[in-house]
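Working notes, structure below.
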Amino acid sequence: MSKAVQKLDDYRWLLPQDYKPGMRVPGIIYADEALMEAIMKDLSLEQVANGAFLPGIVKASFAMPDIHQGYGLPVGGVVATNVTDGVVSPGAVGYDINCGVRLLRTELTKEEVRPRLKELVSALFHEIPTGVGSRGRIRLGRKEMETPLLTGAAWAVKQGYGEPADLACMESGGCLPDADPEAVSHKALERGSSQLGTLGSGNHFLEVQTVAEIYDPHAAGVLGLFEGQVTVMIHTGSRGLGHQVCTDYLVEMERAIVKYGIELPDRQLACTPWNSREAKAYLGAMRAAANFAWNNRQCLAHWTKEVLLKVLGISPRALGLSTVYDVAHNIVKVEEHEVDGRRMKLAVHRKGATRAFPPGHPELPAHYQAIGQPVLIPGDMGRASFVLVGTGAMEQTFGSTCHGAGRVMSRHAAIRAAKGRVIHRELEDQGIIVKASGWESLAEEMPEAYKDVTQVVTVVHRAGLSKMVARLRPMGVIKG
DNA sequence: ATGTTC
């Protein structure tokens, strides 16, 4: 019976190490009974087990309650490898390097914005490039790409997009050090050259929201959030540039596993020893792509502010827009963690998982030291999104929590299920104005295609990975 | 996620 998944408590499940011969550590899944049922329907658990084969993995292959099947590792997976004898795996980061979420606060209430909402959503949709292959107003030559890739969002701020204060409100200050633009292929640079300040497609969105409920008044106060307030959430990543970096290095990793004799149950997890030439190159390129994504969200936030000012016809002071935080949920980072009582330097791969460091952690900005790292959880466009803060994830999951709702329907299944329905009308009946590039992109993303995000965050809250601060309700959404 | 099967 040990070969089956075992329930540890109300929110934790164990995938024993003998679930699949060759696992170096067990798997741990965070979920309640209902979410576990959904998780067992695809190959997620198999992929959690496969992650446990990665050389140098420590503690366990972790999965968050929003996991679903992905490329190699499930989306919602966390694996940490020892940097002395472990590996780095692009499939355990994902195609959309530094896919992430940014939350902006305003001084406005929903009553003040509601009368202009339709106009606002139309203007945002008009001004912000959305959809696959969308191009923005910034055009950079290959040489001009170097600084944004090296210096992160500080580049956008220097260009006049946003303010220096934004940088302190971003994970890692909006820049991963040791990025190497030279390790990014010409093809990747070319794809990225016109994509700064573009939203993309799929589950990426820009949403005008209102704070519907506060669970933790102290943390909400520190974050500048109050009930009835209007916020803006931006969910996007590194676009074609990051996708191309992942594609390029997966080819390289295929060669590396042969060269270094690494055996894996799934080639999609192809990886390379941490101290190899291939790892150095991938990490340099991955960090450059992460910095591109931070610039992308920085530019999008700036244009969002411009549109808000123009449509609402108010002063910047009356708008009171500022950055609450900006998180990366597809990334690999070198961090120090305690494992079996020993401090270790680890490569923490978070693929569809959010860092959630506790209060007092040295990597947090001074103004958030008391509350812990802000966690931004985008839900579906009909229900809710959440703000949480880090609590006790350090001892459990290398300081990681969930990243979203997680799909329950494939894109294809969602389109089939939505046939004959008018999704934007259904949402409008609930007071949510949606603009998307087409019927299909809305059908793929309809609320029923996702798990209930409230259920997901309840699990991470009760399991002590992070603490619920506020629930945000969608008012207006633009989608690729 | 993605110039959505170079």
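Naming convention: chains lettered A, B, ... in sequence-line order (proteins, then strands); numbering from 1 in each chain.
- As judged by a 4.0 angstrom heavy-atom cut-off over every strand, Q195(A) is placed among residues touching the sugar-phosphate backbone only.
- Following rounding to the nearest Å, F292(A) (CZ) and dT2(B) (P) show an atom-to-atom distance of 11 Å.
- In this structure T272(A) satisfies the side-chain contact (heavy atoms from CB on, under 4.5 Å) test together with V88(A), M253(A), A256(A), Y260(A), S276(A), E278(A), A279(A), sequence neighbours excluded.
- Salt bridge R407(A)/E444(A): absent, no basic N to carboxylate O contact under 4.0 Å.
- Aromatic ring centres of Y11(A) and Y30(A): separated by at least 6.0 Å.
- Within the nucleic acid shown, K351(A) has no heavy atom closer than 4.0 Å to any nucleic acid atom.
- The stretch residues 235-246 of chain A touches DNA chain B through R239(A), G240(A), H243(A), each having a heavy atom under 4.0 angstrom from the strand.
- If you take CD of E444(A) and P of dT2(B), they are 11 Å apart, rounded to a whole angstrom.
- In this structure, the OH atom of Y95(A) is 11 Å from the P atom of dT5(B), given to the nearest Å.
- Rounded to whole Å, atom P of dT2(B) lies 11 Å from atom CG of N330(A).
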Which pairs would a plain distance check flag for residues 60-67 of chain A, meaning a side-chain donor or acceptor within less than 3.5 Å of a matching protein atom at least two apart in sequence or in another chain?
from: S61(A); atom 1: OG; to: V48(A); atom 2: O; distance (Å): 2.8
from: D66(A); atom 1: OD2; to: H403(A); atom 2: N; distance (Å): 2.9
from: D66(A); atom 1: OD2; to: H403(A); atom 2: ND1; distance (Å): 2.5
from: D66(A); atom 1: OD2; to: G404(A); atom 2: N; distance (Å): 3.0

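- Atoms CG and CZ, from L103(A) and R297(A) in turn, are 12.5 Å apart once rounded to the nearest 0.5 Å.
- The interatomic distance linking L250(A) (CG) with dT2(B) (P) rounds to 16 Å, in whole Å.
- The interatomic distance linking R135(A) (CZ) with dT2(B) (P) rounds to 16 Å, in whole Å.
- One finds the NE2 atom of H235(A) at 12.5 Å from the CG atom of L300(A) (value rounded to the nearest 0.5 Å).
- Note: CZ (R411(A)) to C1' (dT5(B)) measures 16 Å, nearest angstrom.
- Counting non-hydrogen atoms of other residues, nucleotides and ligands closer than 6.0 Å to CZ of R137(A) gives a total above 12.
- Contact annotation: S201(A) reaches the phosphate of dT2(B) (side-chain N/O to OP1 or OP2, under 4.0 Å).
- Across the protein-nucleic acid pair, K479(A) atom NZ and dT2(B) atom P stand 11 Å apart, rounded to whole Å.
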